[in-house]
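Take a look at the structure below.
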Amino acid sequence: MTISCAVVGLILLAVCTAWLLRQSIARHYTERWCAANELTCRFEIDRLGLSGVMLSDISVANQAGKVPLEAGNLEVGLDWPGLFSPSIQLVDVEDPVIRLDYNSDGSVTLGGLEDIAASDSSADTELDIPAIRLRNARLEIATPAGDIQMYGDVNAQLPLQAEIHARAEPADLRTEQGRLKIEEGRLDLSIIGAAVQGSARFQLSEARFDAYQGRGILLDASLTPSLRPTLEFTLEAEESAAQDFAAADLRLTGSAGLNPGKLDTAEHGPIGFLRSLALSGEAATLRFKTHEMTSPTLTLDAARGRSGPLTGTLAIDTEAAMLAGITLGRSTLTGEGEVDDQLEKVELAGDLTIADASLPAAMSRDILSPLRSGPPFTAHGTSLRSGLAAAMARFRFGTSYRFGFEQGDGWMLETSDKITATAANGAQFSLSPAETERVLTISSGHAELSGVAALKGPSLPSVNAYVKQANISAGGVLLETGRLRIAPWRADGLTLSTNLEQLVLNTRAAEPGLQAVGTASVTGRMFGLDFANTSVFGGVDARLSDPLRVQSFRTRCIGLKSEGFSSPDTLRVGAFLTELCPQDGRLLRRANGAISGQLGVASLELPFESENTSGTLALTDAVLDWRAASTARLNLTGRQMAADLKIGENTLVIAAARPELGFETGRPLSFSARTRRTELTGSLIPALIDIETLTLDATLPETGIAGSGSAGTVIIRDKNADPFYESLQTDLAAEFANGIMQLSGPLRTRYGQREIADLQVTLDIVALDGEASLRSRGLVFEPGGFQPTALSERVRGLLSNARGRLNAGASLLIDGGALSGTGFFEVRDFGFDTLRVGAVNDINGRIEFDELLELHTPPGQTVTVGEINPGLPLRDGEIGFQILGPDTAIIEHASWPFAGGTLLLGQSQWTIAGTSDIVEITAQNIELSRLIEVFSLPDIEANGTVSGTFPVELQGANVFIRDAILRADEEGGKIAYTGSVADAASQADERVDMAFRALRNFEFSVLEVGADGNLTGNMMITLELVGTSPDVLGGAPFAFNIGVDSELSKLIRSSQSVTGTDWLAEVRNGSLTGDSTADDDENAPFANNPSDP
Amino acid sequence: CTPTVRVQAPTEPITINLNVKVEQEIRVKLEREVEDLIASNPDIF
Amino acid sequence: ANPELEAAKDQGVVGERIDGYLGIVDGSADPSVVRLVQDINNRRRAAYGETAERTGATPQQVARVTGETLIEKAQPGEYIMDDSGAWSQK
């Protein structure tokens, strides 16, 4: 463009100064004029006439000796419209030589003549321009870089018609900065009135200026002869570069409709002169700054409406391109728009399709680096980045666009149609307009998106979201979405899916933050645990700065619903639903690599299951304190905890106040527990257990639970309605190893706090097999003091006023939670009072129970009974028995030495707590002499032994002997009664006197002692004697039937106080004839006895 | 109960039936003793 | 006074007997009352034995006299058993 105007300027300057009229005046004036202007003018005046002047050999030289103007000959045709006002008609110059100087400051000087021409033309404005004809003209431009020679012909009849033919000589101009090597330059121009027509051709082999560098440039332009001139041109340049642009093998052809009236760019703007422009071009490569296109083709077709700006269509197609580091494959840009004349406002709208684009790995890594996520979603972040990087490695992209540029306002690119990008590996991203929203707006370093976005592809989440607004700028990203859904997205064993109603992500704010309302669910391995579908729902407000802080948002609490989770080896937790409420207003915090949080849980019910234990753990008003990094640590404190467990077939219910539970996943899982008041019930536990404080610290390695624990102030109560034992108290210490629990502790009576035994339990926690042992501490009872009823109410009424020492022990087997086992009781100098047999003292012996819990002993248990007095003082007895249960026992045998013989108790069933029993007593070889000693009967001696068996009925306090008969054995014996019969008795019957005399020395062959009545009350003793007395009647046989009705107990007790024959004091007159004596009802025991249960 | 008669010696034995009543009534002191007994063992009376 | 005993007497479950021992009135009472009665009777028998020892009387007699005394002292509405063996309300 600048070339052509240079040419036009050249023509004007070529017009010589007016030619002086007269040869001499002309010469004079000219020489004076030349001298005035410090010029030396030489010329030959060939002809000087009215019609004109002809000069030849003209040359004008300035002081410096340079000859700016020269000419072969000059003819000036004059016309005298006015007298002294010549007007030049024609200027015809042959072989003119014009020497210009193009100075380094860019000014063009004509060896000093330019000042004159400038001043003259300005003074005489109405000088009309004559026809000018330059033939074989030469133009020499001296530039600091070298000289340019041009030659040609000018034939101009301005302003109506002009014709210029100019040729440039090859020239090679050099300066330090640049170089211009012209091979060929040709300009043929003809202006006829308004019609301008011509052509130009320049061939530069090299042109290097600071603003422009080029090589192998060929410009070929022609102007069609029409009123509205159109410049057809082709420009070819092997290499050309200007400022940021560079092109290789550039080839432009086009036609520009010119508007000669607006050539002045200052006034009409740089492209004001264009009426229309049609351009098509191609190049090997086109580079703008770092961007590069290979073999791009361009077609442009613009025209100006009546007077509006230049509008038209544009299409750019390129085989490949490198745009801001992004390599593109075949891409096309079509567009329609307008540009204002000042080139200050451009608008373009059209479509852009990029067939095959790829981001270099380094660039995509940088772009994607902010997409990072901490545990547990680290893998997802990585997979997203790798998915996007893979997609960006090769993808197709297409969209419509609208581009606007305004000087001073920057540029703006927007699109309101669907943008789609499809990657070679199938990944796809699309952003389609929602309602009439614009989809994408990019302007001077700031991008804004909105619309319905959808993303899917290999190792990419399939996301669709209604993006209300997303603007991306150097400062960061502000993303605001409506509904955002991520379909289940699996990475590293963990599947994440979300369904959000609203998401706001702002990384530009001073403190980057994220707000989301909706649901996020995970399934798979997280924090070392395998989660079934678990979802979190509610609102979250997270400060993404470090430390990360997450508050609840819109909803006070966060809902947590899970179908359960399990730890790889043992624990499986079932479905639960709860609400997590931030304690300090914060849900989660990340600091130095770990995420932690403190949440309130109003109520939580966790069903869980492990090998053979299942149940639910319920917590109320709990505070969940958790910390997750590679492993997860969970601390739970609550107001109330209830665990309802089923272990094998047994049940265990734990209710604890103020539990503090701690879990830490890892190898192995470790957990700790602290609780205040805890109650253990259920079939697994044989008793009701209340614990004041419970502590447990354990781990769960493969080999089974290991750790230690303690239970403080443990109250053990028998759970039967009528408890077997009074509540006991203990403090237990527990050790766990390989799944085995060792428990030990002293047992104390709860109220007396007397240490009574030591408990030892060994239990396999999982199989619930093990053993327990109980060793008493040697218990000493004393009436009024420590009594067995302090141990068990069951023995009340059985061991009243207990005294002596008791040792007991139990060895129990635990099989799957069921208890059974043996035990022993050992008594020393033990005694107690009973209703039936009165005081029982000095019992010694050891009772072995083969089934302790059923209070069952094997047969053959024996104890020795120092003293028992059922009415008759019996010492050193020995009882063999078997206890069958809490109520019944079998007396196998019982024997007391008595009066030289033994009293034997036969096999009998005994109701321990009963009040009425019938037993069979056998008296063996009772020696009469010892019997008399026992009753310390005075005045009587006897020898011989008696035996017999008789039933004894115990009823309440009464011991009834029923028709006991003791018979003397065959040898009989002697009896001698030396007491005197009360006078009344002897006087009544001399036979009685004789009888008593016989009794003084009586040998009996038959002796039968009968007893009937209440041992503790009235007894009827009958004595039947048959035998002889050598002193009476020559040994005549006598038969005595003596009945003694007495209170044997009183007899025994008061025998010491009986003097003489008091006991025979009152002998009632019985008949001597042997008939039966009427049964004396009067002192018979009560008809019926106090009924007892 | 009725004693039975056994013949041991060739001649009819001389049968003597005797009934002895041992009665020792000690009543007087008991009332006062019993009052003491009840007073001193409140938990069983 | 033995509170459980007083309560049992007030409820008419237990009564004093002429033989100086306690008896269950209507024959059925819960085990703890039965055990209470047995315990008291055992200890009464021991007490009677001691008193008898001291006085030369028989435990039976001491029991009898105590029985009579206790029946006489019984509150109205409490149950007593006389020689007939039948319970009656004072």
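What you see is a predicted model, and the numbers here were worked out from it, not measured in a lab. Letters go in sequence order (proteins before strands), and every chain restarts at 1.
- Distance check: Asn958(A) CG to Gln60(C) CD gives 5.5 Å after rounding to the nearest 0.5 Å.
- With sequence neighbours excluded, no residue satisfies side-chain hydrogen bond (donor to acceptor under 3.5 Å, both in side chains) with Thr864(A).
- Residues Ser800(A) and Asp39(C) share a closest heavy-atom pair of OG-OD1, 2.5 Å.
- In this structure, the side chains of Arg35(C) and Arg794(A) come closer than 4.5 Å at one or more pairs of heavy atoms.
- A side-chain donor-acceptor contact under 3.5 Å links Asn42(C) to the backbone of Gly797(A).
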Kindly list each side-chain donor-acceptor pair under 3.5 angstrom involving residues 44-52 of chain C, sequence neighbours excluded, with atom names and distances?
{"residue": "Arg44(C)", "atom": "NE", "partner": "Ile44(B)", "partner atom": "O", "Å": "2.7"}
{"residue": "Arg44(C)", "atom": "NH1", "partner": "Glu16(C)", "partner atom": "OE1", "Å": "2.7"}
{"residue": "Arg44(C)", "atom": "NH1", "partner": "Gly20(C)", "partner atom": "O", "Å": "3.2"}
{"residue": "Arg44(C)", "atom": "NH2", "partner": "Ile44(B)", "partner atom": "O", "Å": "3.1"}
{"residue": "Arg44(C)", "atom": "NH2", "partner": "Glu16(C)", "partner atom": "OE1", "Å": "3.3"}
{"residue": "Arg44(C)", "atom": "NH2", "partner": "Glu16(C)", "partner atom": "OE2", "Å": "2.7"}
{"residue": "Arg45(C)", "atom": "NE", "partner": "Leu835(A)", "partner atom": "O", "Å": "3.4"}
{"residue": "Arg45(C)", "atom": "NH1", "partner": "Leu835(A)", "partner atom": "O", "Å": "2.7"}
{"residue": "Arg45(C)", "atom": "NH1", "partner": "Arg836(A)", "partner atom": "O", "Å": "3.0"}
{"residue": "Arg45(C)", "atom": "NH1", "partner": "Ala957(A)", "partner atom": "O", "Å": "3.4"}
{"residue": "Tyr48(C)", "atom": "OH", "partner": "Gly20(C)", "partner atom": "O", "Å": "2.4"}
{"residue": "Thr51(C)", "atom": "OG1", "partner": "Ala47(C)", "partner atom": "O", "Å": "2.9"}

